[in-house]
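Heads up, the thing below is written out as structure tokens.
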Amino acid sequence: MDQSDGPERLADARRLLIVEDDRELRTMMERLLTGEGYHVDAVADGQAGLHRALVDRYDVMVIDRGLPAIDGLDLTRRLRGRGVATPVIILTAYGSVVDRVEGLDAGAEDYLVKPFDIDELLARLRALLRRHATLGETIRLGDGTVDLVRRVAHTADGTAIELSGRECALLRTLASRPGRVFNRDELRTTVFDTADSDTVVDTYVHYLRRKLGKTIVLTMRGHGYRIGVM
Ligand code: CA
């Protein structure tokens with residue numbers, strides 16, 4: 001590879017945010033992932049992570065579970081609640097099934113137990129970016145599209161409809177697995193804060209139907225909801 005590849009590689013480099021309080025691990029990941037061609041930002045606590053993730057746009061985030069200020073699961077949940085669709089890998093010192101499920105429930109896409117091999121992290125990052133690229137930031141629902149970054153839906157006749165972060169977060173989760181039925185508890189913990197009331201999911205389904213039409217979210221009686229079409 002000659003020198004002229006440098007700037008070009010940097011321009012379309014994948015942007016990655018690391019949120020890890022262990023200084024040694026953070027520095028090590030930052031160095032290795034930069035060496036792999038990622039554009040890396042690294043911060044040491046959940047509050048700084050939340051700020052960065054809301055201000056900047058990233059292609060993928062690596063978030064430690066145990067963090068000062070806001071823990072990794074809470075951080076992931078808050079980002080999903082604000083409509084940030086960037087895929088997340090949770091790093092954790094624990095490896096039980098319960099922890100894994102909690103991570104996925106919070107809205108993370110993947111989960112890596114410490115200590116991990118850097119090649120394993122690189123492979124997971126590549127897989128996640130590939131998978132996410134197929135979903136992208138714009139989702140097509142029947143004749144309409146939803147831009148999850150700009151939070152706007154476009155109907156077949158070109159009408160633009162503004163959406164809230166939570167409406168986008170709910171749509172994104174449902175659209176991530178089009179054939180799957182999500183139950184209310186699952187949606188409440190993934191998309192919304194667990195402290196929210198029992199009716200929060202139904203409320204937001206109602207909002208979405210009012211804005212985008214009755215068929216945008218389908219009710220599977222006794223089971224939950226799945227994504228429909230606009
Ligand atoms: Ca930690």
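Note that ligands are numbered from 1 as they come in the structure, with each ligand's atoms numbered from 1 the same way. When reading the values below, keep in mind they use all heavy atoms of this one structure, side chains included, and skip hydrogens, waters and symmetry mates. Predicted model, so just to flag it, every value in this text is computed and none were measured.
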If you measure only the distance, is there a donor-acceptor pair under 3.5 Å linking the side chains of Tyr58 and Asp41?
yes
Check Glu102 with Arg65, please: is the shortest side-chain N to carboxylate O separation under 4.0 Å?
yes
Report, as a single number, the protein N, O or S atoms less than 3.0 Å from the Ca ion (ligand 1).
3
Given the ring of Tyr207, does Arg209 sit roughly above its face, with NZ or CZ under 6.0 Å from the centre of the six-membered ring and within 45° of the axis?
no
With no hydrogens and no angle check, just 3.5 Å: does a side-chain donor-acceptor pair link Asp202 and Tyr225?
yes
Is the shortest distance from a Lys or Arg side-chain nitrogen in Asp64 or Arg26 to a carboxylate oxygen in the other one below 4.0 Å?
no
Do Thr86 and Arg80 pair up side chain to side chain, a donor and an acceptor below 3.5 Å, judged on atom types alone?
no
